[in-house]
Amino acid sequence: MTETYSQEVVAAAMQPLAEFDVPPALQASIERHGQALLTLAVSLARAGLPEPEIRTIVDQACASYRDELIAAILALREHDEE
């Protein structure tokens, strides 16, 4: 599997995320994590790991982003309430 093909497949899967209108406060975070997930997905596709290991790695990556996203959402909500 070529790196370009892997990147194209993952980028196509992530495209719907780019179509959302998000607050500027989240845009940088989404772009940064999107790039990190793209890199991770390409690396995992090339590594040939078994599915359980892939799931564990992706779960860990998503948990990190989940915590940051929750904090950002709460901060936006607090800002809107002011």
Side-chain angles (χ1 to χ4, degrees):
M1 180 179 314
T2 67
E3 183 174 340
T4 301
Y5 175 74
S6 299
Q7 289 176 334
E8 289 173 2
V9 169
V10 175
M14 295 175 61
Q15 186 59 39
L17 295 176
E19 296 173 0
F20 285 103
D21 182 27
V22 298
L26 293 178
Q27 189 64 42
S29 175
I30 290 170
E31 289 174 6
R32 181 170 42 82
H33 283 283
Q35 185 60 45
L37 290 173
L38 174 62
T39 301
L40 177 63
V42 170
S43 296
L44 291 173
R46 297 174 83 200
L49 298 172
E51 182 179 343
E53 287 184 50
I54 292 171
R55 287 185 178 278
T56 297
I57 292 167
V58 170
D59 285 346
Q60 291 170 348
C62 290
S64 170
Y65 184 46
R66 179 196 63 222
D67 294 343
E68 182 178 329
L69 185 58
I70 289 170
I73 291 168
L74 295 175
L76 285 171
R77 186 170 60 185
E78 288 176 12
H79 180 266
D80 288 344
E81 292 174 355
E82 292 176 353

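As the structure is a computational prediction, the values presented were derived from the model and not from experiment.
- With rounding to the nearest 0.5 angstrom, the SG atom of C62 is 10.0 Å from the NE2 atom of H33.
- Taking each heavy atom of I54 and L49 in turn, the nearest pair found is CD1-O, 3.4 Å.
- In this structure, the separation between CG on L37 and CZ on R32 is 10.5 Å, given to the nearest 0.5 Å.
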**Asked** side-chain contact (heavy atoms from CB on, under 4.5 Å) between L69 and R66: does it pass, once the steps are laid out?
**Response** CA-CA 5 Å; L69 185 58; R66 179 196 63 222; 5.8 Å; no
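- The distance from atom CD1 of I73 to atom CD of E68, rounded to the nearest 0.5 Å, is 11.0 Å.
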